[in-house]
Novice: 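Quick one: structure below, then a few questions.
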Amino acid sequence: MLYPQDSETRQVISLDGIWNFKADKNDEGMDSKWYEKPLRDAILMPVPSSYNDITQDMEIRDLVGDVWYERSCFIPEAAKDRRLVLRVGSASHYARVWINGRKVTEHKGGFLPFEAVINEYVNYAEENWVTISVNNVLDWSSLPPGYVDTFTINSDPPKELKVQQYYHDFYNYGGIHRPVKIYTTPFSYISDIDVNTDIDGVNGFIRYKVSAEGECAKIRVKLLDESGAAVAGADSAEGLLTITGAHFWEPGNAYLYTLVAELYTPAGPVAVDRYRLPVGIRTVKATGKSLLINGRETYLKGLCKHEDFFIRGKGLDNAVNIKDFNLLKWIGANSFRTSHYPYSEEMMNLADRYGIMVIDETPAVGLNAWDLNHPVFIPEKINKDTQSHHMDVIRDLYQRDKNHPCVIMWSAANEAATNEPGAAAYFEPLIREFRQLDPSRPVTMVFYDCANAVESNVTDMVDIICVNEYNGWYLNYGLFELARQELSQGLQRVYDKYKKPVIMSEFGADTINGLHQNPPVMFTEEFQTEFIKTYVELLDTFDFIIGEHIWCFADFQTKQEVRRVVGNRKGIFTRERTPKAAAFFLKERWNNKKEAVKNI
Ligand code: BDP
């Protein structure tokens with residue numbers, strides 16, 4: 001799936017801005033066909049943004065159900081001979097789209113884009129109305145999963161209170177979270193591009209395939225270097241480009257070539273469609289104890305992130321994203337995980353450009369009730385429907401992100417109850433699918449602690465084992481020596497059993513910015529630093545550990561519960577991106593620790 005872009009043959013019209021909005025508090029919009037007429041009593045809502053924190057209305061913040069968005073737009077007459085595609089970057093979690101009152105498409109899943117050809121729905125040179133309903137309900141077939149509890153409040157008249165329940169630890173923000181665009185292509189157009197890169201000594205290779213729809217007489221590709229000079233090219237839809245003395249894409253040194261693909265029809269010598277794809281030449285490989293990037297043993301230094309900020313919630317914010325990359329650079333990180341769902345395409349584009357490696361994760365989080373007496377991999381809960389949606393997500397995620405050099409591995413899930421008997425049958429086809437789609441990248445999964453990784457029925461299926469640990473925080477509170485000893489034994493057991501590289505994929509402590517005490521106690525900045533220091537000093541003693549990702553980058557919003565003080569406070573940065581004391585410790589450590597350890 002190609003990211004919409006302007007070119008000589010394509011145009012992108014942004015529908016971002018202020019939309020009309022109505023929360024469907026009485027669940028009547030669908031039956032009353034709100035898509036047929038302009039919304040009544042609508043309020044204003046920014047797109048992209050979560051709607052939850054925009055108003056002062058708690059009922060809107062906590063709504064469980066549909067909200068409706070609507071705006072007008074014009075399609076110029078000049079676009080009449082073009083294919084028109086409406087594309088929504090993401091809407092959480094179920095979206096239905098109408099244009100001028102006619103249903104165009106619907107889409108399940110809150111973290112991936114969807115699009116539809118809209119030529120037959122639009123008026124040219126006349127106002128068009130786009131209506132999108134977005135439902136935020138999580139059920140057992142969605143990712144993340146959840147369920148809704150319903151209570152009756154004995155008011156007059158009595159009212160029904162719906163409460164969304166879920167096991168994952170981030171706020172269930174809803175709305176249109178990523179850009180809405182209409183883009184044009186010619187009717188004969190480039191529909192997809194696949195690239196796979198390899199290296200040999202100083203030379204780079206790009207195996208490419210350009211797919212097209214409509215009439216196609218010839219496909220031509222040209223590879224430009226960063227100065228714009230052509231360094232390779234071919235007159236075929238697929239093939240191998242050789243770049244002698246290539247610049248490789250490396251962490252911290254992100255060289256991007258541009259593959260210009262052109263489509264010619266029998267009509268003439270002028271390209272009817274042109275698409276420019278950034279390409280980084282690099283290889284990724286997992287071996288017994290190592291992660292190899294371009295054949296070099298590489299250590300991941302970084303943090304897990306969230307898409308989360310004040311007011312806009314999970315709405316795309318380029319200013320925050322660029323700030324975050326500057327903070328990653330400042331602290332000396334070379335990687336992050338898209339915990340716990342696919343991030344925006346805009347974010348992935350930036351990671352390519354900043355040379356930051358990404359573990360790309362599906363939204364499979366919260367597949368765990370944390371209680372073996374209440375298993376979740378059972379027919380009434382995480383079942384065939386969930387699995388089939390998970391499969392769709394894996395295919396769509398791969399299609400969206402396959403060409404990003406920043407993506408160095410796929411993560412199938414976070415902290416699922418993989419020790420339950422039903423988990424293996426659930427995950428086996430999913431992990432197999434990732435492998436079949438993409439033999440060029442390792443597949444991982446995140447286990448909730450060393451014991452889970454050792455006991456789980458799934459661990460052996462992955463190439464790299466990601467382990468989260470909170471020993472010293474959620475257990476053995478503040479007992480650093482004991483935590484270190486147990487963690488040391490646990491990690492050794494994981495490696496001894498599977499003989500695969502291990503990433504310490506989460507460890508952290510809630511820390512309230514400005515709280516101090518020495519010797520350290522929980523929640524103070526001193527404690528967070530000491531906790532992290534204890535872990536990383538231990539990690540340095542193992543040769544099978546290929547990376548450390550702190551939980552987490554910044555404080556973030558969660559649902560309300562007694563463990564959380566206005567959200568999860570394990571950030572190394574506050575929610576407004578102020579460094580806590582541990583940030584300075586990590587900056588010192590990571591800036592002095594080389595990511596490329598040795599050539600293999
Ligand atoms: C881990 C989860 C993460 C949580 C974190 C925590 O993977 O989503 O936010 O714990 O409790 O288990 O802070």
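Start at 1 and go down the list; that is how both ligands and their atoms are numbered.
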Novice: Only heavy atoms of N468, strictly under 4.0 Å: list the atoms of ligand 1 that pass.
Specialist: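 Counting from 1, the qualifying ligand atoms are 7 (O).
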Novice: Answer yes or no for R575 and F310: cation-pi contact, defined as NZ/CZ to six-membered ring centre under 6.0 Å and angle to ring axis within 45°.
Specialist: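 Output yes; distance and angle both within limits.
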Novice: Of the backbone atoms (N, CA, C, O) and the side-chain heavy atoms from C-beta on, which set of V446 has a member under 4.0 Å from an atom of ligand 1: side chain, backbone, both, or neither?
Specialist: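 Near ligand 1, V446 shows nothing, with every heavy atom at 4.0 Å or more.
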Novice: Of all the non-hydrogen atoms in the protein, which one sits nearest to atom 9 (O) of ligand 1, and at what distance?
Specialist: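 Going by distance alone, atom 9 (O) of ligand 1 is nearest to D169 OD2, 2.5 Å.
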Novice: Report yes or no: is the cationic atom of K559 (NZ for Lys, CZ for Arg) closer than 6.0 Å to the six-membered ring centre of Y166, at no more than 45° off its axis?
Specialist: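 Yes - K559 lies over the ring of Y166, closer than 6.0 Å to its centre and within 45° of its axis.
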Novice: May I ask you to list the atoms of ligand 1 that are less than 4.0 angstrom from any heavy atom of N414?
Specialist: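 This gives 7 (O) as the contact atoms.
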Novice: Could you check, using the six-membered ring where one of them is a Trp, whether W551 and Y470 have ring centers closer than 6.0 angstrom?
Specialist: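 Not close enough - the centres of the two rings lie 6.0 Å or further apart.
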Novice: With backbone taken as N, CA, C and O and side chain as the heavy atoms from C-beta onward, which portion of T558 lies under 4.0 Å from ligand 1: side chain, backbone, both, or neither?
Specialist: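 It is neither; nothing of T558 touches ligand 1.
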Novice: From the options Y474, Y470, F507, select the one whose nearest heavy atom is closest to atom 5 (C) of ligand 1.
Specialist: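 Shortest heavy-atom distance from atom 5 (C) of ligand 1: Y470.
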Novice: Please write down residue, atom name and distance for the protein heavy atom closest to atom 8 (O) of ligand 1.
Specialist: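 Heavy-atom neighbour on the protein nearest atom 8 (O) of ligand 1: H340 NE2, 2.7 Å.
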Novice: Out of curiosity, L482 CG to N476 CG, how far, rounded to the nearest 0.5 Å?
Specialist: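 Between L482 CG and N476 CG, I get 4.0 Å after rounding to 0.5 Å.
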Novice: Suppose we measure from atom 13 (O) of ligand 1 to each protein heavy atom; which comes out shortest, and what is that distance?
Specialist: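 Heavy-atom neighbour on the protein nearest atom 13 (O) of ligand 1: K570 NZ, 2.5 Å.
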Novice: Does the plane of the ring in H390 sit parallel, tilted or perpendicular to the ring in F427? Use 30° and 60° as the thresholds.
Specialist: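 It falls in the perpendicular class, over 60°.
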Novice: Relative to ligand 1, is W551 under 4.0 angstrom through side chain, backbone, both or neither, heavy atoms considered?
Specialist: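 The side chain, only.
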Novice: Give the atom numbers and elements of ligand 1 that come within less than 4.0 Å of a heavy atom of F556.
Specialist: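 Heavy-atom distances to F556 below 4.0 Å select 9 (O).
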Novice: Taking R589 first and then E548, would you say they form a salt bridge - that is, a charged N and a carboxylate O separated by under 4.0 Å?
Specialist: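 Yes, R589 and E548 are salt-bridged.
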Novice: Counting heavy atoms only, which of R564, E469, E415, E506 is nearest atom 12 (O) of ligand 1?
Specialist: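 The nearest heavy atom belongs to E415.
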Novice: Over 60° means perpendicular and under 30° means parallel, so classify the ring planes of Y354 and F325, tilted if in between.
Specialist: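 Correct class here is parallel.
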Novice: When H306 is tested against each of F553, Y341, Y171 for ring-ring contact (aromatic ring centres under 6.0 Å, His included), which residue passes?
Specialist: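 Filter result, single survivor: Y341.
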